[in-house]
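Chain identifiers are assigned alphabetically (A, B, ...) following the order of the sequence lines, protein sequences preceding nucleic acid strands; residue numbering begins at 1 within each chain.
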Protein chains: 2
Amino acid sequence: MTGESDGEGEQAAFGNRVLVVDDDAALARALTINLRAHGWDVTAAPTGAAALDAVASARPDVVLLDLGLPDMPGLDVIEGIRGWTRVPIVVLSARQLGDDKVDALDAGADDYVTKPFAMNELLARLRAAVRRALPTQSEEPVVMAGELRIDLARRQVSRGGADVRLSPTEWALLEVLVRNRGRLVDRKQLLHEVWGPAYSTETNYLRVYTAQLRRKLEKDASHPRHILTHPGAGYRFEE
Amino acid sequence: MTGESDGEGEQAAFGNRVLVVDDDAALARALTINLRAHGWDVTAAPTGAAALDAVASARPDVVLLDLGLPDMPGLDVIEGIRGWTRVPIVVLSARQLGDDKVDALDAGADDYVTKPFAMNELLARLRAAVRRALPTQSEEPVVMAGELRIDLARRQVSRGGADVRLSPTEWALLEVLVRNRGRLVDRKQLLHEVWGPAYSTETNYLRVYTAQLRRKLEKDASHPRHILTHPGAGYRFEE
DNA sequence: GCGGTCCTTGACGGAATGTTGACGCGGGCT
DNA sequence: AGCCCGCGTCAACATTCCGTCAAGGACCGC
């Protein structure tokens, strides 16, 4: 985490990262090879716990989940994922009949493929799942500003392609500014939204954290081009 | 601190009213104390019925709702609230995995926190919920006047495409004039709205700041075409 | 425990801003 | 004509505000 992205972090297009969750090593390998051949950026997880971690760290655009994992019930994995993100989940199941299909969909899965399956069908369903999900999150959460790329949904900032690590407070401040980009944000409003309603005079915080953000994001921190100061009023993010 | 505090009161300017719905008296008390300490204006309701009443009467900016109330299912409370208002709802859930989370989100909740929770996280999620709800971006007009472009919402002025930097007082004065464009604005009214109720005779200020505005905004400051003087009365902004 | 990150807090020089007074100009009035 | 008042202009001063740095302490993961 501390260093750069782990391997295939930066790919050209969006919506092509898939997380394959399967404990069957042979099947997982086959899936990985096949998906990569079709342009997917594949991350693999052999267990439910690893899957939950991977959803958080790799931020896939779609999850291909095999039920019947060794460490925990597949439904719990679905619910664990649904607890905090709406990334589409396509379930892979061996059984052809049974309640598990209904249960999985009820728990928050988006689609269902039964083994054995045709690769074509699987690819189609993955594409469909991603496509359906896009309009939901497409409130244009990615803001480009010079060499900065700020992904509001994924809480990710990169400068010139390299990821930038931000502390929670740094991110909270940047987020408010970017969500109000092009518009002046009051000092009071910034303090209120980042630190809470009780803080309205601690302009110290703003000075400290704008300085830190500029040091991390601006090319020349002493001549900022994106995080601008309005003396006596507040700050403004400009693209 | 004369110019800053023009009447608006120190509190309650922004959404800081939270309704805590919890039947566990001890937890409710702890939450109330903690939230108050962080500047929130707390109302408490021990039952679902009381919560529905309180949403209507107290008009909170965010609802913190514990599922598992004695009198009615938590989902019904969510739906009851959602029936007539979009106030953000943050759900407190005991279970770590389970359908209730998903169901709550589906029913219209905005976020959830699982017990046990860190106070920091709860505070952050409350702020985030309020923040997301606020952007009811009422579209403010952009006033064009000659080569001037005045964006009331963005608090931005440009002349011939180039941004013009205004000090807080300069902007406050310009804003009053522009909002009353085409109309004569009393000296007393200007002083009152820009400097506060205590100022009604310091016409010096008006002379100084209208001069500064003209220098920044007018092509020929000695023959103003937009910021016009009504001798003995006040000033008027003309497009 | 220990090392790391993160948040908080204080202090300082320098810049931007608000405030105040003085002066000149011009028009209306006596 | 001469005076007075309101307005525009300017400059100097005091104050606030901002950027910066660094130290202390809380918190987390190992």
Query raised in the report: Given B:E170 and B:K216, is the salt bridge (Lys or Arg N to Asp or Glu O under 4.0 Å) satisfied, shown in steps?
Result: CA-CA 10 Å; B:E170 287 164 4; B:K216 290 185 176 181; 2.8 Å; yes
Among [options], which nucleotide has an atom closest to any side-chain atom of [X]?
X      : options                : answer
B:S167 : C:dT9, C:dT19, C:dG18  : C:dG18
B:S222 : D:dT9, C:dC6, C:dG18   : D:dT9
B:R214 : C:dT19, C:dT9, D:dG8   : D:dG8
A:P231 : D:dC7, C:dT17, C:dG18  : C:dT17
A:R187 : C:dT19, D:dC17, C:dG10 : D:dC17

Between the side chains of [Y] and [X], is the shortest nitrogen-to-carboxylate-oxygen separation below 4.0 Å, so that they form an ion pair?
X      : Y      : value
A:E193 : B:R127 : no
A:E238 : A:R181 : no
A:R236 : A:D186 : no

Rounded off to whole Å, could you give me the [atom1]-to-[atom2] distance for the [X] and [N] pair?
X      : N      : atom1 : atom2 : value
B:L123 : D:dC27 : CG    : P     : 14 Å
B:L206 : C:dG18 : CG    : P     : 14 Å
B:L166 : C:dA16 : CG    : P     : 15 Å
A:I227 : D:dC18 : CD1   : C1'   : 15 Å
B:R207 : C:dG18 : CZ    : C1'   : 16 Å
B:Y209 : D:dC7  : OH    : C1'   : 18 Å
B:N204 : C:dA22 : CG    : C1'   : 10 Å
A:R215 : C:dC6  : CZ    : P     : 13 Å

Counting only side-chain nitrogens and oxygens, does [X] get under 4.0 Å of the OP1 or OP2 atom of [N]?
X      : N      : result
A:T229 : D:dG19 : yes
A:W195 : C:dC7  : no
B:T210 : D:dC7  : no

So [X], base contact, sugar-phosphate only, or nothing? Heavy-atom distance under 4.0 Å.
X      : result
A:Y235 : sugar-phosphate
B:T203 : nothing
B:R165 : sugar-phosphate

Requested in this report: Taking the six-membered ring for Trp and the full ring for Phe, Tyr or His, determine whether the centres of A:Y209 and A:W195 are under 6.0 Å apart.
Outcome: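 Yes.
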